[in-house]
Amino acid sequence: MGKRLESVEEFYRDGEILLTGGTGFLGKLVIVKLLRSFPGIRKIYMMVRDKKGASAEERLNALFRNVIFERLHLEVPDFKSKIHVLPCNLELRDLGLSPENKQMLISRVNIVLHGAATLRFDEDLQVAIQTNVRGTREVLNLAKQCPNLKMLTYVSTAFSHARSQIGEVVYEPKTHYKELLELSMICPDDPRLPLMKAKLALESVNTYTLTKAASEHLISEEAKTYPVTIFRPSIVYKVIISED
């Protein structure tokens, strides 16, 4: 008889979770769901970058004043004690983590939820590659060093490939992700860049879907022996209700 599959609650018990993209709309919902539903979670390490003059800690304090967290404040009033913020930058080597924070994550983390990305459809090609593809590789490389890793979940999109139907498989893009990574490092005035932009424009409708497809391919190629899942949400939107 095979090993009994653990329940979702058992899976998250004693969880030490590394979360990227936690300040985004979907990320906020993930935090609320995890902390309301799974009290056995030990810690959520949130990777947050400085932005518009606000530090990672300041952004997190502002985040928890959002209406999305009202119920969490009522039901789990001490939830902040389970959250540890870490300054980071997806575009930097080792995610911009200090050596101490990097080693701390490696020794403690057992679940990785990677949702951070630039979501702009018209993002500059090199910026999109550096953030979405290179950033994913850096998160994956960190996860590979975690001896207690149970799962890495990569948040992609249902629109990563222009198909009428998309199956639960990873499709190989026409341009290899390694070629994109090399492209992201060349000088912006390099004559090869506009030629590649024209070529890639024929392969994908925008830089967002292009880099999401490339990141899926990267995960499938570089994490063959690791516990990895790819999550492809469809359209994510929020409704703002005015009281006027």
> Under the side-chain hydrogen bond (donor to acceptor under 3.5 Å, both in side chains) test, which residues partner Q130, sequence neighbours left out?
Replying inline: none
>> For E16, give me all partners under side-chain hydrogen bond (donor to acceptor under 3.5 Å, both in side chains), at least two apart in sequence or on another chain.
In response: Y45
>> Taking the basic N atoms (NZ, or NE/NH1/NH2) and the acidic carboxylate oxygens, is any pair closer than 4.0 Å for R232 and E216?
In response: yes
>> Could you check whether any side-chain N or O of K144 sits under 3.5 Å from a backbone N or O of V139, counting only pairs where one atom can act as donor and the other as acceptor?
In response: no
>> Given 3.5 Å as the limit, does a donor-acceptor pair link the side chain of D50 with the main chain of A56, or not?
In response: yes
>> Against E123, only a single residue in T118, T211, T207 fulfils side-chain hydrogen bond (donor to acceptor under 3.5 Å, both in side chains); can you say which?
In response: T118
> What residues form a side-chain contact (heavy atoms from CB on, under 4.5 Å) with E70, not counting sequence neighbours?
Replying inline: V67
> Listed by chain and number, what are the side-chain contact (heavy atoms from CB on, under 4.5 Å) partners of A117, not counting sequence neighbours?
Replying inline: L119, N132, K212
How far does [atom1] of [X] sit from [atom2] of [Y], to the nearest 0.5 angstrom?
X    : Y    : atom1 : atom2 : result
L193 : Q126 : CG    : CD    : 5.0 Å
N206 : D122 : CG    : CG    : 8.5 Å
I230 : L152 : CD1   : CG    : 9.5 Å
T175 : M196 : OG1   : CE    : 5.0 Å

Which side-chain N or O atoms in residues 83-92 pair as donor and acceptor under 3.5 Å with protein atoms at least two apart or in another chain?
residue: N89; atom: OD1; partner: E91; partner atom: N; Å: 2.9
residue: E91; atom: OE2; partner: T131; partner atom: OG1; Å: 3.0

>> Restricting to salt bridge (Lys or Arg N to Asp or Glu O under 4.0 Å), what partner residues turn up for K102, sequence neighbours left out?
In response: D94
>> Can you give me the closest heavy-atom contact between I111 and V109, atom names plus distance?
In response: O-CG1, 3.4 Å
>> Please find the pair of heavy atoms, one from A214 and one from V133, that lie closest to each other, and give the distance.
In response: CB-CG2, 4.0 Å
> Do the rings of F79 and F69 sit parallel, tilted or perpendicular, given the 30° and 60° boundaries?
Replying inline: parallel
